[in-house]
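What follows is a set of notes on a single structure, which appears directly below.
Here the structure is a predicted model, which is why all the values come from computation and not from measurement. Letters go in sequence order (proteins before strands), and every chain restarts at 1.
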2 protein chains.
Amino acid sequence: MDTANFAQPPLRRRGRPTKGSSAPSQTRAAVVRAGVALLTEHGVTATGIDQVLNAAGIPKGSFYHYFGSKENFLKEVVLAYGDYFSRKLARHFENADAPPLARIEAFVADAAAGMARYEFRRGCLAGNLGQEVAALSDDLRRAIVATFEGWEAQLADCLHQAVARGDIAADADVAELASAFWTGWEGAVLRAKLQRDGNFLFRHARQFIAALPRNLAPPAA
Amino acid sequence: MDTANFAQPPLRRRGRPTKGSSAPSQTRAAVVRAGVALLTEHGVTATGIDQVLNAAGIPKGSFYHYFGSKENFLKEVVLAYGDYFSRKLARHFENADAPPLARIEAFVADAAAGMARYEFRRGCLAGNLGQEVAALSDDLRRAIVATFEGWEAQLADCLHQAVARGDIAADADVAELASAFWTGWEGAVLRAKLQRDGNFLFRHARQFIAALPRNLAPPAA
């Protein structure tokens with residue numbers, strides 16, 4: 001899962017914020033964006049607060065003023081990433097111009113292009129943090145789980161539309177399928193990152209769609 | 001993927017090695033075992049050399065004597081984990097007492113029990129390091145990819161036996177299926193760890209087996 005649109009501004013901007021962009025809420029948002037970009041690439045353990053502030057071009061002293069604690073900051077980063085990704089999903093999964101299963105394929109192509117754009121350095125922030133769960137509080141762990149559950153609900157809506165059109169069997173367990181998609185997706189993102197190869201994403205989607213329960217073809221007349 | 005049998009001795013032993021177990025090769029092996037255990041739980045970024053030596057009960061000065069560099073040490077850890085896991089796979093996948101697909105289920109049950117035994121703190125060392133690939137050398141990256149490829153070959157052998165028995169369609173792309181199994185597996189391990197729930201592993205296996213291409217049933221007489 002790339003952070004393309006989301007992360008571009010903070011990483012391109014160097015040094016102090018320019019005049020006019022330094023209102024507190026913008027500063028805060030810039031730090032969160034830098035956190036999303038860095039944690040999507042390196043995970044939480046390898047990312048220091050200094051690095052985040054540096055990438056956002058914010059003076060060191062302001063971190064605790066804005067966030068109170070690293071824990072609060074991480075929670076905001078998880079929420080921001082979840083929101084960003086959820087908007088990406090909505091753009092694809094709610095696209096009424098394409099049939100539901102083609103929307104899933106379009107999302108996967110978008111995600112693969114995003115990973116390629118960052119030379120497969122960036123994976124999925126939720127996956128990175130999930131892998132590092134030993135270093136996280138229970139609260140943060142629950143926030144990551146809730147993020148996955150949100151994505152599952154969005155995909156389930158899309159799959160329900162496929163059921164309504166008769167593209168998937170009416171008795172398909174849509175919630176279970178949606179959950180399985182994201183579980184496998186995390187593995188595919190990991191392998192794509194490790195092997196710098198977006199085909200892991202495409203293959204996951206292809207196999208997911210091929211394995212969906214279908215309505216039996218009507219008997220030949 | 002648990003490190004159960006592999007990791008038990010070093011983590012249980014505290015302090016200096018007991019007399020008689022301190023031969024150089026044993027010391028070296030103890031450090032590698034401690035590395036496997038710690039990296040399976042925390043990943044490479046969160047694990048310091050001091051922690052590893054501490055867990056192994058080895059004095060600090062000896063690390064570079066044994067391994068030369070952290071890079072060499074990590075390579076040995078990856079190889080040791082790969083070997084350990086490969087032996088676990090061989091035990092299940094080559095078990096002639098069970099049909100091939102049941103062997104896959106038995107492996108999954110074993111892995112799930114291993115994760116539960118460590119309260120889902122330990123995942124898969126190859127997956128942890130794969131997620132942290134930004135922090136790794138290209139050499140190490142290739143060692144992790146080779147580890148996955150080894151597991152794929154072992155699973156492919158098992159699936160070939162299923163084809164030979166007629167349990168899977170003769171034209172099944174066994175190599176592709178084996179690769180897909182491990183890709184999804186990494187996602188399932190991540191979610192099992194995050195949500196402390198082995199059902200992610202069982203579900204992955206169930207869906208993998210259900211989606212295998214089957215021979216068409218012979219037409220009813």
Item to check | B:Glu132 and A:Lys193 ion-paired at < 4.0 Å | outcome: no
Checklist entry - Quick one: what part of A:His42 sits under 4.5 Å from any heavy atom of chain B, side chain, backbone, both or neither? => result side chain
Item to check | Which atoms of A:Gln195 approach chain B - backbone, side chain, both or neither, heavy atom under 4.5 Å | outcome: both
Atom pair [atom1] ([X]) and [atom2] ([Y]), whose distance is rounded to the nearest 0.5 Å:
X	Y	atom1	atom2	result
A:Phe208	B:Gln207	CZ	CD	8.5 Å
B:Trp185	A:Leu190	CH2	CG	14.5 Å
A:Thr183	B:Glu186	OG1	CD	13.0 Å

Checklist entry - Would you say the side-chain atoms of A:Arg141 pair up with the backbone N or O of B:Leu194, donor to acceptor, closer than 3.5 Å? => result yes
Item to check | Donor on one side chain, acceptor on other, A:Arg203 and B:Ser179, under 3.5 Å | outcome: yes
Checklist outcome for this item: Assert top hit (heavy-atom pairs under 4.5 Å, partner chain B, pool A:Arg196, A:Arg121, A:His204) equals A:Arg196
Checklist entry - Which is it for B:Glu149 and A:Arg191 under the salt bridge (Lys or Arg N to Asp or Glu O under 4.0 Å) test, yes or no, and what are the steps along the way? => result CA-CA 12 Å; B:Glu149 287 170 350; A:Arg191 293 295 294 272; over 6 Å; no
Item to check | Under 4.5 Å from a heavy atom of chain A, the part of B:Ala180 involved | outcome: both
Next on the checklist: Below 4.5 Å, heavy-atom pairs only: which of B:Ala135, B:Ala192, B:Ala211, B:Gly127 has the largest tally toward chain A?
Outcome noted: B:Gly127
